[in-house]
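Worksheet for the structure shown next.
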Amino acid sequence: MDVTRVSENVYSIGVLNPNVRISDVIVPTECGTTYNSYLIKGEKNILIDVTHPRFFDEYIENVRSVVDPSKIDYVIMNHNEPDHSGSLEKLLEVAPQAQVLSSTAGCIYLRNILNKKDGYRAVKEGETLDIGGGKELRFMMAPFLHWPDTMFTYFAAEKMIFTCDFLGAHYCEPRMIDKYIDNLGQYEKCFKTYFSAIFGPFKPYVLKGLEKLNSVEADIVCPSHGPILTKGNQLERSKELIKEWSQPETHNKKYIPIFFCSAYGYTTHLAEKISEGIKSVIADADVEIMNVNEHPLDELAGKINNNDAFLLGSPTINKNAVPPIWNLLSTVDVINIKGRHASAFGSFGWSGEAVPMLLDQLKMMKLNVFESGYTVRFVPTKEDDQAAFDFGKRFAQQL
Ligand code: FEO
């Protein structure tokens, strides 16, 4: 990537990865991504965030095009997920005198990322770093944006803030500043996908992060994925969008989604009977029955994380629940959903492992698992229908 000069002393020196289509194993990146890193050049030379381990060679060339790495004084790690910290070990080989600064949690992670006990300095909320020329950087803790270690680094002299994942996007265009984005519609689509995948579980922290961001004068926001956001271009809209997406959802009625897959319609039938049982107890409950194969995963992810209780239905295939149900479970926000009422059901032919496996997984995720689920061998009889109805009824009675 060409180095981009963001201001007189600040350079964007990260790496483009336009061809990647999945990040962090599960996050779609249909427009690729970038691993941004920034260099403040001056009396002190400071790197902010590093880059993905696969791109060190390209990265260090970018660094060298602006400064001799042996002249780097500080490396500030706003967040230490390896897409940002993975090249740090190699960087420190060519910048041995650089001091690494991160949050307290960040320093703990670094010990196991670099497999080295010391060499890091933990900074605290509000602490400042004198970078010479009468300028300073200020550290602002921003936990869970996106890991507990995250912090922002504010550069008041340039009205600039470095936020790592926060306000980022998996989006790759060669010119790193929002005013040059060629396809704004596509960028906003990727911005939303990224937000849902990375920050969906941390919405209360997003609102706190926004407050923190708005507490300082920042005309330029430098994230660590996607374009830099600037006042008068995309910055205000991006802040508005994530504020809107982070509002707590309110349901006037109890919302109880039933997610299922069905090979021959028998598990679908059970879903309907269980729903009738629930409604016999909570007449105005919003019970939404959804075939997981007929809805996009991000829509389902929103619904499995925002409800009063939920149920999963799966047939058993190859002694297992079916992949779309496991995929859906991989979107569950285990931090905020702890204690939620949930259970599973399904029709099976031979051995019926799907429901007990799903229940074990729900228990591991610390949900409040109801009974032993409900299963039927092959085609539900009238008695099975009644039992499914009663299962739904008992499930609703405990809500
Ligand atoms: Fe881009 Fe949470 O790392």
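Atoms within each ligand, like the ligands themselves, are counted from 1 in listed order. For the single chain, residues carry numbers from 1 onward in sequence order. Please read all numbers here as calculations on a predicted model, not as lab measurements.
Residues Glu61 and Arg64 are paired through a salt bridge, judged by an N-O separation under 4.0 Å between the basic side chain and the carboxylate. Using a 4.0 Å cut-off between a side-chain N of Lys or Arg and a carboxylate O of Asp or Glu, Lys279 and Glu276 do not qualify as a salt bridge.
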Kindly determine whether Glu240 and Arg237 satisfy salt bridge (charged side-chain N to carboxylate O under 4.0 Å, His left out), including the steps that lead there. CA-CA 5 Å; Glu240 274 309 307; Arg237 175 159 170 79; over 6 Å; no

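Atom 2 (Fe) of ligand 1 has no N, O or S atom of Cys164 under 2.8 Å away, backbone or side chain. Among the backbone and side-chain atoms of His146, an N, O or S atom lies under 2.8 Å from atom 2 (Fe) of ligand 1. At a threshold of 2.8 Å, atom 1 (Fe) of ligand 1 has no backbone or side-chain N, O or S atom of Glu81 nearer than that distance.
Panel note: side chain Asn318, backbone Asn320; no donor-acceptor pair is recorded below 3.5 Å.
Nearest to atom 1 (Fe) of ligand 1, among the N, O or S atoms that Asp83 has, is OD2. Closest approach between atom 1 (Fe) of ligand 1 and any N/O/S atom of His84 involves NE2. Asp165 contributes OD2 as its N, O or S atom closest to atom 2 (Fe) of ligand 1.
Among all heavy-atom pairs drawn from Met357 and Lys319, the shortest one is SD-O, 3.4 Å.
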